[in-house]
Amino acid sequence: MKKDWWQRFVNTKSSENIDTKRKKLVLFAFTYIGGTILVIFGIKTPAESNLALKVILLTTAVIIFSNAFVSYFHEKLEVTFTITGLSIIPMVWAIVYTGGHLNTGLYWTFPFPITLFILFGYLRGLQLNIVLFSGIAFLVLSPEQIEASYRIAEVSRYFAAYIVNIILCLIGEYYRSRSHTELTKLSVERQRQANTDPLTKLPNRRFINTAFMNMVTDEQFDHFPITIAVLDVDHFKQVNDNYGHDAGDLVLKQLADVIKSSVRDTDIVARTGGEEFLMIFLDAEIQTGLIIAEKVREAVENSQFDIQNRSLPITVSIGCVEAKTYQQFEQGTLLADKQLYKAKSSGRNCIC
Ligand SMILES: Nc1nc2c(ncn2[C@@H]2O[C@H](COP(=O)(O)OP(=O)(O)OP(=O)(O)O)[C@@H](O)[C@H]2O)c(=O)[nH]1
């Protein structure tokens with residue numbers, strides 16, 4: 001909690017989801033369009049003259065169709081992308097080896113570089129494209145080893161066009177990925193600003209009501225019981241009245257540091273109002289919560305608040321309640337406010 005509280009809560013999931021969605025759409029488009037073409041050519045390829053090609057085209061179609069279908073039922077999309085991506089490579093080699101339909105094999109290799117870049121990103125996509133291209137080059141340059149026969153002029157034009165295709169796809173994917181990263185950073189920074197109190201740099205009320213509330217209501221949140229403690233500066237109006245608003249702001253900044261250094265790293269301290277702070281002690285039943293709150297109260301009482309070459313005495317009152325479930329947490333801040341009111345009525349500089 002003391003440093004970079006935001007790192008604990010930063011949410012890049014929505015941006016990752018957008019990227020995964022894009023890959024998924026490409027995968028489905030590739031599967032349904034590419035798979036249909038494979039089936040058509042698989043059926044058209046005569047079994048007597050080209051059984052191996054027929055089997056490979058139809059088998060790849062079955063793999064990519066069933067892979068896309070199964071992906072509706074599981075979350076591990078990376079596995080889906082890998083299976084489809086890797087099944088493409090031997091199929092392309094087979095097309096080049098046999099020459100494909102009417103010896104047009106080389107022309108059908110052009111859509112695959114971009115598919116690999118989209119499914120695997122620019123780095124792994126480049127590695128897989130190098131593997132794919134090396135295999136194609138080996139086959140094309142070993143005419144005596146393969147069934148297909150390609151003319152020399154056709155092969156050299158093909159290499160030039162295919163390499164240009166890979167380079168353009170690489171450039172496109174690289175800059176797309178870079179702009180996606182930049183946009184994610186920008187969005188994270190905006191989220192951080194929207195959830196941060198500009199004066200104390202602590203989380204603000206918005207953070208508690210949104211990001212933290214989402215975390216608490218998540219099934220995987222296992223930090224109950226928690227103690228909710230509302231802290232309010234005593235007679236803060238007098239600080240403003242006697243020393244000015246800027247001096248009051250300085251006190252609030254120093255106070256934020258004192259509170260943060262008095263609680264545990266796992267605890268949350270937010271500025272939820274003018275001179276009001278909310279502390280959330282995780283894995284702390286009320287007894288532990290009261291001990292931490294007392295530590296905070298004492299630390300504030302014993303701290304020097306240096307304003308205009310003077311040391312101001314500052315005290316705080318704190319209201320604490322325990323929450324064992326997220327439903328209790330929702331009610332917790334209201335109940336803690338009532339406890340705070342009791343502490344104020346009991347003479348301030350105390351905890352209830
Ligand atoms: N400097 C400064 N003052 C603020 C800020 N937000 C609220 N305040 C002031 O905090 C003071 C709160 O005063 P009150 O609500 O009367 O409470 P109090 O004087 O602290 O008295 P008790 O809470 O009853 O002990 C007001 O003078 C507000 O103007 C802020 O961001 N900066």
Side-chain angles (χ1 to χ4, degrees), residues 1-6 9 189-213 227-263 267-281 286 289-321 331-352:
M1 187 65 215
K2 279 174 188 151
K3 278 179 204 158
D4 288 341
W5 61 272
W6 179 247
F9 300 99
E189 179 53 22
R190 287 207 178 124
Q191 280 183 54
R192 193 188 65 76
Q193 281 176 10
N195 285 280
T196 304
D197 165 46
L199 180 70
T200 59
K201 308 288 178 246
L202 291 178
N204 59 16
R205 184 176 286 282
R206 185 180 196 273
F207 166 80
I208 299 293
N209 292 343
T210 52
F212 187 72
M213 193 56 103
T227 295
I228 302 161
V230 178
L231 175 153
D232 188 278
V233 185
D234 297 328
H235 301 305
F236 190 60
K237 189 172 179 312
Q238 287 176 15
V239 177
N240 278 335
D241 290 350
N242 295 340
Y243 302 95
H245 202 270
D246 287 351
D249 281 357
L250 272 179
V251 168
L252 292 174
K253 276 166 90 168
Q254 290 179 41
L255 179 65
D257 292 339
V258 174
I259 301 173
K260 276 195 295 178
S261 51
S262 310
V263 301
D267 296 328
I268 287 141
V269 180
R271 183 178 176 218
T272 47
E275 19 80 79
E276 189 183 285
F277 293 80
L278 179 70
M279 301 181 290
I280 299 171
F281 308 134
I286 190 73
L290 287 171
I291 293 170
I292 308 172
E294 176 57 17
K295 225 178 119 194
V296 173
R297 189 203 61 75
E298 266 182 30
V300 175
E301 190 179 26
N302 297 328
S303 292
Q304 306 275 327
F305 289 86
D306 300 321
I307 301 297
Q308 296 163 8
N309 301 325
R310 282 161 182 256
S311 181
L312 293 191
I314 296 289
T315 62
V316 292
S317 303
I318 306 175
C320 298
V321 291
Q331 293 298 314
T333 42
L334 292 176
L335 297 173
D337 268 338
K338 286 191 180 157
Q339 292 298 103
L340 171 67
Y341 183 73
K342 270 194 205 167
K344 290 275 181 183
S345 326
S346 315
R348 295 178 173 80
N349 192 19
C350 64
I351 291 166
C352 276

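Read the numbers this way: they start at 1 and go in the same order the structure lists the ligands and their atoms. Atoms considered below: every heavy atom in the structure, side chains included; atoms not considered: hydrogens, waters and symmetry mates.
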Quiz item: Which atoms form the tightest heavy-atom contact between Cys320 and Ile351, and what is the distance?
Solution: SG-CG2, 4.1 Å
Practice problem: For Glu275, check salt bridge (Lys or Arg N to Asp or Glu O under 4.0 Å) against everything at least two apart and list the hits. | Solution: none
Quiz prompt | Test salt bridge (Lys or Arg N to Asp or Glu O under 4.0 Å) applied to Glu294 - qualifying residues, sequence neighbours left out | solution = Arg297
Exercise. List, ordered by chain and residue number, the protein residues whose closest non-hydrogen atom lies under 4.0 Å from any atom of ligand 1.
Key: Asp232, Val233, Asp234, His235, Phe236, Lys237, Asn240, His245, Gly248, Asp249, Leu252, Arg271, Gly274, Glu275, Lys344, Arg348
Self-check item: Val316 side chain reached by Phe277 side chain, heavy atoms, under 4.5 Å
Solution: no
Practice problem: With sequence neighbours excluded, tell me which residues meet side-chain hydrogen bond (donor to acceptor under 3.5 Å, both in side chains) with Thr315. | Solution: Asp234
Practice problem: Using a cut-off of 6.0 Å, state whether more than 12 heavy atoms not belonging to Gln331 lie near its atom CD. | Solution: no
